[in-house]
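Predicted, not measured: the structure shown is a model, and the values here were computed from it.
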2 protein chains.
Amino acid sequence: MSPTTRESRGPRMIDVARLAGVSHQSVSRVVNGSGGVSPDIRDRVERAVAQLRYRRHPAARALATNRTFSIGVVSFGLAQYGPSEALAGIAREAQEAGYSTSLTSLLDVDVDSMAAAVGHLVDDSVDGIIVLAPVDAALTAMAGVEVHVPLVLFYPGAHAHEQRVVTDEVQGAELATTHLLDLGHPTVHHISGPAGWLGTSARVAGWRRALEARGIHPPAIVEGDWTAAGGAACAAQLATRTEVSAVFAANDQMALGAIKTLNDAGRKVPDDVSVVGFDDIPGSEYFRPPLTTVRFDFAEAGRRAAHHIFELIAGGRPGPAGPVLPELIVRGSARHHPLTVIEQTDEQRRNP
Amino acid sequence: MSPTTRESRGPRMIDVARLAGVSHQSVSRVVNGSGGVSPDIRDRVERAVAQLRYRRHPAARALATNRTFSIGVVSFGLAQYGPSEALAGIAREAQEAGYSTSLTSLLDVDVDSMAAAVGHLVDDSVDGIIVLAPVDAALTAMAGVEVHVPLVLFYPGAHAHEQRVVTDEVQGAELATTHLLDLGHPTVHHISGPAGWLGTSARVAGWRRALEARGIHPPAIVEGDWTAAGGAACAAQLATRTEVSAVFAANDQMALGAIKTLNDAGRKVPDDVSVVGFDDIPGSEYFRPPLTTVRFDFAEAGRRAAHHIFELIAGGRPGPAGPVLPELIVRGSARHHPLTVIEQTDEQRRNP
DNA sequence: CAGAGAGGTACCACGATATTG
DNA sequence: ACAATATCGTGGTACCTCTCT
């Protein structure tokens, strides 16, 4: 009948030790699997642990080891498809490795917020940090902040780097653009993401590269904001110009909005204008027309980021994680150019 | 030139105390704002804190106070729109309250996985737990698990409860169904979510209630799986029956799939059959036709859940959190019944 | 005298409480 | 009475020592 002391707190290691008739140190060895314990003692300890339902105290452990077995994630735009998938991948990988995942979400992506978020995580003594905020500010903020903790950045570009998990979105954009070019379109117009996002520049770069590879001068970019409404507004600028026959939108949401605007303006997709999106969001297959788009396995990217962090934490010097590669998903929103005869080897035979 | 000891670890409270010429206890008072400190000492301490860039050590603090200032979130289906929004809301509210958010994502929703996830969080000594897994298994698992920690469940039903944050989805479904009924449709068919989800039963209940309020016997339910593909498959069963004129899909993804199937089958939406969705996912305004649907502020629900947890942690006995209410978003996918004359006060005048 | 297994002791960085000035 | 300080408790791990083959 002890008083309120130890109220609702579980048994301690020393309790287990007493019950098993060993030192608390032996209990520690068994619990942590450090080895060097005789089968007899191990058995007694395990029995006692089970009987008392002993669980080790993470704070005490963290205090003694100076490790928390948790990683921090700085995220922005969780509502977006890519980031939320990636987060799920991270959490999953972390769980399997015995780490917990601490989430910090950003309200703004200016350098100050970024630094504050990272500082927050550092204050929480996380063992590693994953920055899931693919914006320019993240890069500059990270350059300025000194962090004594392994840190990995999601980077939607082409350049591998020890501190980055790369989704090769320039290649993805190139795939999309080349696909349209292969369909005979003389050029491809681009509805880009908003400035300040790494994905925006990467996709612009890929689009431009594909064009220039064929000696085509890239037309002016129309800048959207990732939303369907933004895509619709952008497309309004394109819809009046009868020479535009192919549009590459930097994400599926904008593609969706663009398609609506184009159709409403009498420029039928895909008959008059072809549209290719980016992301392969759920449901894009059921758009009208079904959206031709570029898919990335963001969950896989998340898993790689977590895995990479663990290697860093373990003190390894892993090479840059391999880039996550895009896949072109051909559906119905892009067809050959109306005035172009194309060889019959193409894949566009859906509506004979 | 101390050896590798204290390597990469910041200053301790005692270091601050020494620099300020006070006891470590006074530093503690200042840092925690406990009061009872003379202005002089406070000032010296704050100066020393700033100079050394002192940050308190959360593990030590947790050990001494038996509180971690972190909450755990058990989540399932993060890829879904609702949960990911809610998670962002939770994280935000937690941050503002000085709590960190620890994420555990579920692979399966059977009772064992649920119990394991909660156990995991309890092992991490979180101060409170939010279960963001609106499935039946969560309810039964929670009933079986004994947790000595404040716990709040997301509950997409109608019943308020001290341990629940309610999104009144039965009212949402009722709104959708009644809207269709008001448009003159003799009955409303339902494409439901998969069994095992609380949201599924809630939406079925609301749909049924609306029907029965008018003395209509609910027709057979077609069960989907939340995906557009599932919705498309379900709609295939409905498309052949010319008497079905109104469909309420349990989420927007399924509505999207259903619309495609119906249109492909020659049953034009909204001319021949009306469709209403649920969730108001991004882009649903740009579907063809723009989707009439039901919106919930899931981020707000997340914030309420976090807020509620904090009150529980503080030892209060807050009443049940108020339910998050639905809003009907009328767009173009539902029209009056083709054979019904409706008063011209209705809102369906988009395409004159 | 090794080497392996077991135990003792010193922290880890802080908050709470009693005690002192 | 009030501000400031000593002392102890928090649950573990790291490292060293000791014993026993």
Side-chain angles (χ1 to χ4, degrees), chain A residues 2-46 48-49 52-69 122-125 127, chain B residues 2-46 48-49 52-69 122-125 127:
Chain A
S2 72
T4 49
T5 172
R6 309 214 33 63
E7 173 252 324
S8 97
R9 211 151 17 179
R12 296 161 302 173
M13 190 173 270
I14 190 71
D15 300 323
V16 176
R18 278 199 268 265
L19 178 60
V22 301
S23 76
H24 75 281
Q25 194 48 245
S26 296
V27 177
S28 175
R29 289 196 187 93
V30 172
V31 168
N32 292 322
S34 328
V37 183
S38 66
D40 171 39
I41 291 217
R42 172 191 312 282
D43 198 56
R44 272 150 62 197
V45 168
E46 278 170 354
V49 163
L52 297 178
R53 299 177 192 280
Y54 167 76
R55 333 236 55 166
R56 64 186 168 202
H57 192 118
R61 187 173 151 83
L63 185 55
T65 58
N66 201 23
R67 295 198 39 191
T68 55
F69 290 93
V122 170
D123 284 357
D124 279 359
S125 334
D127 291 342
Chain B
S2 72
T4 50
T5 172
R6 311 216 32 62
E7 174 252 322
S8 99
R9 204 140 37 169
R12 297 159 304 174
M13 193 173 267
I14 190 70
D15 299 323
V16 177
R18 279 200 267 265
L19 177 60
V22 301
S23 75
H24 84 273
Q25 195 46 245
S26 296
V27 176
S28 174
R29 290 200 186 87
V30 172
V31 168
N32 292 324
S34 329
V37 183
S38 68
D40 171 40
I41 291 219
R42 171 191 312 282
D43 198 58
R44 271 151 62 197
V45 168
E46 278 169 354
V49 163
L52 296 179
R53 299 176 192 281
Y54 167 76
R55 332 237 56 166
R56 65 186 167 200
H57 191 117
R61 185 175 153 82
L63 186 56
T65 58
N66 201 23
R67 294 196 40 191
T68 55
F69 289 93
V122 170
D123 284 357
D124 279 358
S125 332
D127 291 343

Nearest to the [X] side chain among [options], which nucleotide is it?
X	options	value
B:A64	D:dA4, C:dC12, C:dC14	C:dC14
B:Y54	D:dG11, C:dG15, C:dC14	C:dC14
A:S26	C:dT17, C:dC12, C:dA6	C:dA6

| query | Is it true that a side-chain atom of B:R67 and a backbone atom of B:D127 form a donor plus acceptor pair closer than 3.5 Å? | reply | no

| task | Using atom types as modelled and distance alone, determine if a side-chain donor or acceptor of B:D43 lies under 3.5 Å from a backbone N or O of B:D40. | result | no

Distance check needed: [N] [atom2] versus [X] [atom1], whole Å only.
X	N	atom1	atom2	value
B:R67	C:dA13	CZ	P	23 Å
B:R12	C:dC14	CZ	C1'	11 Å
A:D40	C:dA6	CG	P	8 Å
A:D124	C:dC14	CG	C1'	16 Å
B:N66	C:dC14	CG	P	17 Å
B:Q25	C:dT20	CD	C1'	14 Å
A:L63	D:dG11	CG	P	12 Å
B:M13	C:dA13	CE	P	12 Å

Using a cut-off of strictly less than 4.0 Å, decide whether [X] has a side-chain nitrogen or oxygen near OP1 or OP2 of [N].
X	N	answer
B:R56	C:dC14	no
B:S28	C:dA16	no
B:N32	C:dG15	yes

With heavy atoms under 4.0 Å as the rule, sort [X] into base, sugar-phosphate or nothing.
X	value
A:I14	nothing
A:R55	sugar-phosphate
B:R29	base

| query | Under 3.5 Å, is there an N or O donor on one side and an acceptor on the other linking the side chain of B:H24 and the base of C:dG15? | reply | yes

| Polar side-chain contact A:H57-D:dT13 base: donor and acceptor under 3.5 Å | no

| task | For atom CZ of A:R56, decide whether the heavy atoms of other residues, nucleotides or ligands shown that lie under 6.0 angstrom number more than 12. | result | yes

| CZ (B:R42) with more than 12 external heavy atoms under 6.0 Å | yes

| query | Which comes earlier along DNA chain D counting from the 5' end, the contact point of B:S38 or that of B:A60, where each point is its nearest nucleotide? | reply | B:S38

| said: Assess the residue pair A:R61 and A:V31 against the criterion (side chain to side chain contact (heavy atoms under 4.5 Å, CB included)); give the C-alpha distance rounded to whole Å, side-chain angles, the decisive distance to 0.1 Å, and a yes or no. | reply: CA-CA 12 Å; A:R61 187 173 151 83; A:V31 168; over 6 Å; no

